[in-house]
2 protein chains.
Amino acid sequence: MSQAGGDTGLERPSRPTIRDVAARAGVSKSLVSLALQNAPRVAPETRELILAAAEEIGYRRNAAAHALVARRTRTIGVFVLDLHNPMTADVLDAVQAEARRRDYRTIVVVGGEDAAAERAELEKLLEFRVEGILAVGHRLPHGAEEAVSADCPAVVLGSAPRGVPHLGSISNDDVLGAGLAVDHLVGLGHRRIVHIDGGASAVADDRRRGYLEAMRRHGLGDLAAVVPGSFSDEGGYRGARAALGADVPPTALFVVNDLAAMGALAAVADAGLAVPGDVSVVGYDGTALAGMRPIGLTTVGQPLAELGMRAAAHLCGLLDGEAPAEAHALLRPALVERRTTAPPVGA
Amino acid sequence: MSQAGGDTGLERPSRPTIRDVAARAGVSKSLVSLALQNAPRVAPETRELILAAAEEIGYRRNAAAHALVARRTRTIGVFVLDLHNPMTADVLDAVQAEARRRDYRTIVVVGGEDAAAERAELEKLLEFRVEGILAVGHRLPHGAEEAVSADCPAVVLGSAPRGVPHLGSISNDDVLGAGLAVDHLVGLGHRRIVHIDGGASAVADDRRRGYLEAMRRHGLGDLAAVVPGSFSDEGGYRGARAALGADVPPTALFVVNDLAAMGALAAVADAGLAVPGDVSVVGYDGTALAGMRPIGLTTVGQPLAELGMRAAAHLCGLLDGEAPAEAHALLRPALVERRTTAPPVGA
DNA sequence: GATGTCTGCTGGAACGGTCCAGCAATGTTC
DNA sequence: GAACATTGCTGGACCGTTCCAGCAGACATC
């Protein structure tokens, strides 16, 4: 009963403050503050004394108090649409590295489930006074349009509406990338190339457009065919089944992303056909998944690390008042040739 | 020139505060504070008035000021070791959902690169006054041992040292899981089962031990063989090559995780052998990767969502002063049978 | 020796909230 | 109708920092 430590959950241990350091070092709290900031007007021996005192009592600056008086947080909010997309990890790594390099903190929130939860997360971000928003995943969080302003600019990693003030974007050129896929297949001798698309989204639109334009460019406009799919494994499977069930089946499939291409690969196998012997398959995104040895998917690779780095650099640069670079940057994708594409039979 | 908005980057627009709301509603700032907190003693019509005023001027609470006076942040720091591991996304989703449910915020940092950067990130987390640390990835961040205390408990998702106060862990039972893999293969008729391990880590140790114990239990102790590998694609490939090159090659491979199993699958193919015709392969983790249609890897599935949920629940519960559940919980994995295992030839 | 300029330090006012004590009205009780 | 509660509101202290004005004392300048 006289046992110590039987805490009631009501005690306030309270971490040491700048005043505790001051008391221990026998100086004023102002001087402690100056010493900790490496201010010039502090005598070297006093500084040592203060630093030692801080160390001894385990002092650590309170970020909330600091943010309050500094009136800024040096923090950007990173909104991630889908953590499961293999692209996200690469992009996020680069974003965090670049933010750290520029001495910005990141706070990551995950959206995608439902609009209400997304709004709530965004609200928390704004209460935190994040200085900018970086959206990874082709769109802003729900309700973010009205939050984007001079004191909270945003950058979308993917296509974003042009002309909106304080809203930038970095994306790869999806139209061009889709063209690369078609060029590659046509170069191998394919003519009946079907595109399995990603439904209604800006990215899917661009890739579809790039496919159609390239087919026309190669004089294959009449053979162009788009089958509805989605960005998922499942969508690719369904799309490929539909495509392969046509009267005159295609010899090649260009699928909207790598994940969906997995599904397409499975559908080709289920149809008793071989890849790339009977059917060639090209994905999009250049994810680690595509590079996995038993898969070896030919894909259109996006410069993910550069995308992330550029997006973070753009946003942090804006916040640091650097010369405002072009608001909408487009990076060039490149074809990554692996083992799911080959000349068509009889070519 | 007389154009407005030519900002110099020096102006202070400064978001509206509680005082601005008070001025607009014609009440005191105290009352605004009470109204925004849904305090009881506020007249309904006044509350409406205040809420309307806040809405009109776009007031948003300042989290830093709130944290300062509340002396707590309701935030936990989530330390992620490897964003690229497909397990991470599942776990993180569950962690975030559970934290949100309990009205805690999460702030995610990524470690793994180098110890110094990890320490710096941890320092930022502590300056933020996170109330607890949740480590996703089998270990605490570097330098976290001394930070773990009554006012900053930690939970490791994976095995953690026992007996350290304020340090808990949630993990799946790797020894049992490895046993399940062996049981499955032995049940199919395999006897020469080789384990491709994960090198020197607590998880690798447990899985290796589980494998060895199970082999002995089945009376196959003499046939047990462990080949060095790693948790990566590459490590699995190397390990499998070595295993298949033996004088009497195995009929089944139990690989330390799904990613390494990908490499093993490739090595089997490169050796001109068929899966599961000639060689059966079992992975570990139950990742989405394993479930992908063209792969269909048999694996030991961890209850990832439950793992994440339990970890977050444990930590938040601790912070809310709930009855301290057992510090180290062990969850049961389950075998997920797919298409990479079959009876050995001639069985 | 009056004036001025450094150097090294200190007190106190912010920052934007919360919350406690207090204070008029109004209502209730005996 | 005095005593006491209750309701609805307000002023001010405080949370842990930063930073500005100010102030001794040392030193240089005329």
Side-chain angles (χ1 to χ4, degrees), chain A residues 10 12-51 53-54 57-75 123-124 126-131 151, chain B residues 12-51 53-54 57-75 124 126-131 151:
Chain A
L10 291 170
R12 325 251 101 228
S14 227
R15 306 217 23 116
T17 75
I18 205 174
R19 283 163 223 269
D20 298 324
V21 179
R24 181 163 245 266
V27 297
S28 72
K29 59 166 186 36
S30 304
L31 192 55
V32 174
S33 176
L34 291 173
L36 293 173
Q37 298 172 72
N38 273 308
R41 289 282 130 84
V42 181
E45 57 269 37
T46 316
R47 180 192 309 276
E48 288 310 316
L49 194 73
I50 292 171
L51 260 36
I57 64 174
Y59 170 79
R60 197 131 31 203
R61 182 169 87 172
N62 183 319
H66 176 79
L68 191 55
V69 59
R71 314 190 66 160
R72 56 176 308 186
T73 55
R74 294 199 75 82
T75 301
E123 199 59 30
K124 289 294 167 196
L126 295 170
E127 285 187 0
F128 237 105
R129 300 291 188 265
V130 293
E131 300 181 10
D151 50 293
Chain B
R12 323 252 102 226
S14 225
R15 305 217 24 116
T17 76
I18 204 174
R19 285 161 223 267
D20 299 324
V21 178
R24 180 163 247 265
V27 297
S28 73
K29 63 168 181 35
S30 306
L31 193 55
V32 174
S33 176
L34 292 172
L36 293 173
Q37 297 173 71
N38 272 310
R41 286 286 128 81
V42 181
E45 56 270 37
T46 316
R47 180 190 310 276
E48 289 309 317
L49 194 71
I50 292 171
L51 261 35
I57 64 174
Y59 170 79
R60 197 130 31 201
R61 182 169 87 170
N62 182 319
H66 177 79
L68 190 57
V69 58
R71 314 190 65 163
R72 57 177 306 187
T73 55
R74 293 199 76 83
T75 300
K124 288 295 168 197
L126 295 170
E127 285 187 358
F128 237 104
R129 299 293 188 264
V130 292
E131 300 182 10
D151 51 293

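The chains referred to below are lettered A, B, ... by the order of the sequence lines, with proteins before strands, and numbering in each begins at 1.
One cannot find a donor-acceptor pair under 3.5 Å joining the base of D/dG16 and the side-chain atoms of A/Arg61. Side-chain to base pairing of A/Ser30 with D/dC19: one donor and one acceptor N or O lie within less than 3.5 Å of each other.
Between the side chain of A/Arg15 and the backbone N or O of A/Gly58 there is at least one donor-acceptor pair closer than 3.5 Å. Judged by distance alone, the side chain of A/Glu127 and the main-chain N or O of A/Glu123 form no donor-acceptor pair under 3.5 Å. Judged by distance alone, the side chain of B/Arg129 and the main-chain N or O of B/Thr75 form no donor-acceptor pair under 3.5 Å.
Across the protein-nucleic acid pair, B/Arg15 atom CZ and C/dG16 atom C1' stand 13 Å apart, rounded to whole Å. When the C1' atom of D/dT17 is taken as reference, atom CZ of A/Arg60 falls 17 Å away, rounded to whole Å. One can place CG of B/Leu36 at 12 Å from C1' of C/dG16, the figure rounded to the nearest angstrom. Separating the CZ atom of B/Arg71 from the P atom of D/dA13 is a distance of 18 Å, rounded to the nearest angstrom. Counting to the nearest Å, the C1' atom of D/dC23 and the CG atom of A/Leu31 are 15 Å from each other. Rounded to whole Å, atom C1' of D/dG11 lies 11 Å from atom CZ of B/Arg19. Atom CD in A/Gln37 sits roughly 13 Å away from atom C1' in D/dG16 (whole-Å rounding). Going from atom CG of A/Asn62 over to atom C1' of D/dC15 covers 9 Å, rounded to whole Å.
Checking C/dG17, D/dT18, C/dT10 against the side-chain heavy atoms of A/Val69 singles out D/dT18 as nearest. Here the side chain of A/Arg129 is nearest to one of C/dC9, D/dG16, C/dG17, namely C/dG17. With distances taken from any side-chain atom of B/Arg41 to the nucleotides C/dC9, D/dG8, D/dT10, the minimum falls on D/dG8. Closest approach to the A/Ser28 side chain among C/dG16, C/dT10, D/dT10 is made by C/dT10 (side chain taken as heavy atoms from C-beta onward). When distances are taken from the side chain of B/Ile18 to each of C/dC9, D/dG16, C/dT18, the shortest belongs to C/dT18. Minimum atom distance to the side chain of B/Lys29 is reached by D/dA13, of the listed C/dG16, D/dA13, D/dC15.
Residue B/Leu34 is the one, among B/Leu34 and B/Ala65, whose nearest nucleotide of DNA chain D lies closer to the 5' end (criterion: closest heavy atom).
Contact annotation for B/Arg47: no contact, since no heavy-atom pair falls under 4.0 Å across all strands. When heavy atoms are screened at a 4.0 angstrom cut-off, A/Ser33 is found touching base atoms of the nucleic acid. Across all strands shown, B/Thr17 has heavy atoms under 4.0 Å from sugar-phosphate atoms exclusively, and none from any base.
No option in A/Leu51, A/Leu49, A/Ile50 other than A/Leu51 meets the side chain to side chain contact (heavy atoms under 4.5 Å, CB included) test with A/Arg47. Residue B/His66 is tested with B/Arg74, B/Arg72, B/Arg61 for a side chain to side chain contact (heavy atoms under 4.5 Å, CB included); the sole match is B/Arg61.
Phosphate contact (OP1/OP2 of C/dT18, side-chain N/O of B/His66, threshold under 4.0 Å): present.
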**Request:** Dump the intermediate steps for side-chain contact (heavy atoms from CB on, under 4.5 Å) on B/Thr17 and B/Asn62, then the final yes or no.
**Result:** CA-CA 8 Å; B/Thr17 76; B/Asn62 182 319; over 6 Å; no
